[in-house]
Amino acid sequence: MPFTLPALPYALSALEPSIDATTMEIHSQKHHGAYVTNANKALEGSKWAELSPEAVIKQLAEVPEDKRGPVRNNAGGHVNHSMFWLTMATPGHGGGGEPTGALADAIKDSFSTFAHFKDAFGAAALSRFGSGWAWLIWHGGEKKLVVASTPNQDNPLMGKAIAGCEGTPILGLDVWEHGYYLKYQNRRSDYVSAWWNVVSWGAVAANFDKAR
Ligand code: MN
C-alpha cells in the first residue's frame with residue numbers, strides 16, 4: 001500500500017496566531033506531499049512498500065544502499081510530519097498549557113520540572129544548525145524521557161547509528177525554515193516560543209502511553 005498524505009484534524013487556520021494558515025497549507029500539502037510522493041517512488045515494487053512508514057525507518061539499515069538515502073529523507077519526512085500535525089491543536093482548545101497525569105510525572109522524573117524540560121527542548125530546537133527536528137523521546141531501556149535533535153528528516157526510530165539518538169519520539173518540533181519563515185523569517189526562537197501555545201499535551205500523552 002503506498003503511503004498517503006493524512007488529512008489534518010483541524011482547519012489550516014486552527015493554529016493561528018502561532019502558525020499562520022499559509023504556512024500550514026504549503027507545509028502540510030506541498031512539503032509533506034513531496035515526502036509521500038518521493039517515499040513511494042523510492043519504495044515502489046520492493047518488499048519495503050508493504051510496511052508502515054515507521055517500520056520502514058526502523059529497518060533503514062537493511063534497505064538496499066541505492067534506495068537508503070531517498071528512503072531516509074522521504075519516509076523519515078512522512079513519519080515526522082504525520083506525528084507533528086497530530087501533536088498540535090488550537091490554542092485553548094487542546095493546544096497549550098501543561099501535561100497532566102503519567103506524562104507530567106515522567107517529565108518531572110526526567111527533567112525535575114516542566115520548566116526545565118521546556119528549556120532543554122528549546123535549546124535543542126535552537127541549537128540545531130540548519131534544518132532538522134527537536135524531539136522528546138521515550139527511552140524504554142533507561143525508562144526515562146530524553147530531549148535530542150536530529151538533522152534533516154532523521155527520526156530517533158532510525159536508531160543511534162543513523163540518527164544519533166534512539167528511542168520512541170512522542171513529540172517533535174520541525175525547525176526547518178519552511179515551517180516558520182513566512183511569519184518569523186530568521187526568528188526561530190519566536191517560532192519555538194509561540195509553538196508551545198499549540199502543543200496538544202493530550203496527543204503527546206497518548207503517544208507516551210503507546211511508547212511505554
Ligand atoms: Mn517540515
Side-chain angles (χ1 to χ4, degrees), residues 2-43 52-54 56-57 60 69-90 95 121-137 147-158 162-165 168-200 203-204 207:
F3 304 147
T4 55
L5 190 61
L8 294 181
Y10 41 70
L12 293 169
S13 60
L15 307 180
E16 292 203 4
S18 295
I19 304 180
D20 60 286
T22 306
T23 296
M24 282 301 294
E25 181 177 8
I26 298 169
H27 197 182
S28 69
Q29 307 303 308
K30 307 286 187 196
H31 288 280
H32 190 173
Y35 299 128
V36 169
T37 301
N38 291 326
N40 287 334
K41 209 181 283 175
L43 293 168
S52 71
E54 290 82 4
V56 170
I57 66 167
L60 192 59
V71 171
R72 178 179 183 171
N73 291 335
N74 293 290
H78 180 38
V79 171
N80 295 350
H81 288 83
S82 296
M83 188 172 84
F84 186 49
W85 311 132
L86 295 180
T87 53
M88 297 188 287
T90 300
F121 192 96
L126 296 180
S127 64
R128 168 50 54 192
F129 185 77
S131 298
W133 291 75
W135 300 103
L136 176 61
I137 302 162
V147 159
S149 78
T150 56
N152 305 314
Q153 296 297 351
D154 286 357
N155 182 298
L157 293 175
M158 293 173 183
I162 293 172
C165 56
T168 307
I170 63 169
L171 175 67
L173 171 59
D174 190 342
V175 296
W176 283 57
E177 283 185 345
H178 69 219
Y180 63 87
Y181 204 84
L182 287 181
K183 182 176 168 94
Y184 297 97
Q185 292 86 44
N186 61 315
R187 303 186 309 278
R188 187 188 287 186
S189 65
D190 290 354
Y191 161 66
V192 174
S193 299
W195 172 76
W196 291 115
N197 297 324
V198 296
V199 174
S200 170
V204 181
N207 289 341

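Below, each value reflects all heavy atoms present in this structure, side chains not excepted, and no hydrogens, waters or symmetry copies. Both ligands and their constituent atoms are indexed starting at 1 by order of listing.
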Quiz prompt | Closest contact, heavy atoms only, Ser131 versus Arg128 | solution = O-CD, 4.0 Å
Exercise. Please find the N/O/S atom of His81 nearest to the Mn ion (ligand 1) and write down its name.
Key: NE2
Quiz item: Are Trp195 and Phe121 close enough that their ring centres sit under 6.0 Å apart?
Solution: yes
Quiz item: Is there a donor in the side chain of His32 and an acceptor in the side chain of Trp85, or the other way round, less than 3.5 Å apart?
Solution: yes
Self-check item: For the Mn ion (ligand 1): the N/O/S atom of His178 at shortest distance
Solution: NE2
Self-check item: the Mn ion (ligand 1) to nearest N/O/S of His31 below 2.8 Å
Solution: no
Quiz item: To the nearest 10 degrees, how large is the angle at the Mn ion (ligand 1) between His27 NE2 and Asp174 OD2?
Solution: 90°
Quiz prompt | N/O/S from His32 sitting under 2.8 Å away from the Mn ion (ligand 1) | solution = no
Exercise. Considering non-hydrogen atoms only, spot the tightest contact between Leu15 and Val198 and give its length.
Key: O-CG1, 3.8 Å
Exercise. Could you tell me how the ring of Tyr180 sits relative to the ring of Tyr191: parallel (under 30°), tilted (30 to 60°) or perpendicular (over 60°)?
Key: parallel
